[in-house]
2 protein chains.
Amino acid sequence: MTSSITARRRASEQRRATILKAAAAVFFEQGYAATSIDAIIAQIGGSKRNIYNEFGSKEGLFTALVSEAAEEALEALAVENIGSRDLDGSLSEFGRRLLGIYMSSTLIGVLRTVMAEASRFPELAKAFYEKGPGRTSDRLTAVLEVARARGEIDVPDCRMAAEHFVGMLRDNLHLRVLLGLQDPPEAKDAEAIVASVVSIFLKGVRADRTVSEMH
Amino acid sequence: MTSSITARRRASEQRRATILKAAAAVFFEQGYAATSIDAIIAQIGGSKRNIYNEFGSKEGLFTALVSEAAEEALEALAVENIGSRDLDGSLSEFGRRLLGIYMSSTLIGVLRTVMAEASRFPELAKAFYEKGPGRTSDRLTAVLEVARARGEIDVPDCRMAAEHFVGMLRDNLHLRVLLGLQDPPEAKDAEAIVASVVSIFLKGVRADRTVSEMH
DNA sequence: CCAGTACGGTAACTTACCGTACCCGTCAAT
DNA sequence: ATTGACGGGTACGGTAAGTTACCGTACTGG
């Protein structure tokens, strides 16, 4: 009895996941308006009732897709506290994760569609920003403020510096990937990028030796 | 006789410009697929024959729009050589212009649509990148290499550093503007951002004093 | 074994829109 | 003044797509 109920629920979740996967492939490739429900169904079989029963409408499917994809991609950031080590280690770890996420095909697709549909789904854009890049900014700002309090760095505005740091990771390479002109970098190249970013940034914000030697 | 011909040509160019302006408003707001020719005509009056006579098709109108809008926005970068001053001045000037362009409503719209439609119009994405961000990278890389040859800076990879620099200008603030969550910064705030970026970057890449004092 | 229900497939309905054709007014040249 | 070309407005063909009505089916509970 209950087993059949849970079996049904499992099947339903399975269907839901299948739909979302196919929807991601089409929405993230073609954009919202150019994507047809038929195109999604053509990938997974079945009929449109599947989608309308589960998500109610095209908008419902799209918002569910973006929310869940963003959530999934971004949760890698939220797991544990990163600011516990020294600044170099924190920034490196931060950068590694951030770059990996930004270069993931999921987040590339989310970025493309969320930017494109920002005027049609403003609340989606807001939710995405706050859960992802906004939270990242907050976290990194806090890390920098601790370092500033310890006299390790010397910047007038930690938030601005934090935003510059994440910007360095979304540089022209990231833009080329977004534009489909290049594949995401291999792990080795990504590591080199993070090292370069952290090196320049750290040297750029570090307090002068005279100051850091004061304590 | 000839006066009427030139008058006609002027009128034609006027019409073309009017169409492009209205097309920009709609395409950049709604995206390619969601934009209807009727919506563009509704803004400027006239009939669709205007558009089809001038641009042939919806695709033709779109590619013409993106090409010309990008060209217009990006030509501010190409005017004169920037690397003639000292590095600080060059980077500041570079940053000022770049930030102004990236925050302009025109380029915000171009970025949104070019990213979204990259899979449908790959050659458009390529042309945009090469004329804009790619050229910027090249230019800045050259500036940095000159500075490195003079021993002013010390970085392993000037191109990578250049890309990081432009990335710093496209930080989370730029993302918020792209997502429609915030208006572009006022001139005063933009100046502060550029100053912060140049300060951190310059300090981050500057050669150690022991090295720069060697000559 | 039977009634009820919920789900899935077919297909139709309605709308939107690209691209084109037609009709009419306007304006210029002879 | 007449004629002809051009452009505005409208309507239409064809197609594509979002959404829903209808119906069969399979599974739940007694």
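Order of the sequence lines fixes the chain letters, A, B, ..., with proteins taken first and strands second; residue numbering starts at 1 for each chain. Only heavy atoms go into these numbers, but all of them, side chains included; no hydrogens, no water, no symmetry mates. This is a predicted model, so every value here is computed, not measured.
Nearest heavy-atom pair, A/Phe28 versus A/Arg112, reported as atom, atom and distance to 0.1 Å: O-NE, 4.2 Å. In this structure, B/Phe128 and B/Pro133 approach most closely via the heavy-atom pair O-CD, 3.6 Å. Minimum interatomic distance between A/Ser196 and B/Met160 (heavy atoms only, all atoms of both residues): CB-SD, 3.5 Å. Here the closest heavy-atom approach between residue A/Leu124 and residue A/Phe62 is recorded as CD2-CE2, 3.8 Å.
For B/Lys48 and C/dG19, the shortest distance from a side-chain N or O to OP1 or OP2 is not below 4.0 Å. For C/dC7, neither phosphate oxygen OP1 nor OP2 lies less than 4.0 angstrom from any side-chain nitrogen or oxygen of A/Arg15.
The nucleotide whose nearest atom lies closest to any side-chain atom of B/Lys58 is, among C/dG19, D/dG18, D/dG8, C/dG19.
Within the 4.0 angstrom heavy-atom criterion, base atoms lie near B/Ser47.
The residues B/Arg96 and B/Glu93 are annotated as salt-bridged, a charged nitrogen and a carboxylate oxygen being separated by less than 4.0 angstrom.
If you take CD1 of B/Ile51 and P of D/dG7, they are 14 Å apart, rounded to a whole angstrom. Distance, A/Ile41 CD1 to C/dA11 C1': 15 Å, rounded to whole Å. Per the geometry, CZ belonging to A/Arg16 stands 14 Å off P belonging to C/dG8, to the nearest Å. Rounded to whole Å, atom C1' of C/dG8 lies 13 Å from atom CD of A/Glu54. Nucleotide C/dC18 holds its C1' atom 12 Å from the CD atom of B/Glu59, rounded to whole Å. Counting to the nearest Å, the P atom of D/dT10 and the CG atom of B/Asn50 are 15 Å from each other. Between A/Gln30 atom CD and D/dA16 atom C1' there is a gap of 14 Å when expressed in whole angstrom units. Between the CD1 atom of A/Ile40 and the P atom of D/dT19 there is a distance of 11 Å, rounded to whole Å.
Residue-to-nucleotide proximity on DNA chain D shows that, of B/Asn53 and A/Ser57, the 5′-proximal contact is made by B/Asn53. Nearest-nucleotide positions on DNA chain D for A/Arg49 and A/Ile37 put A/Ile37 closer to the 5' end.
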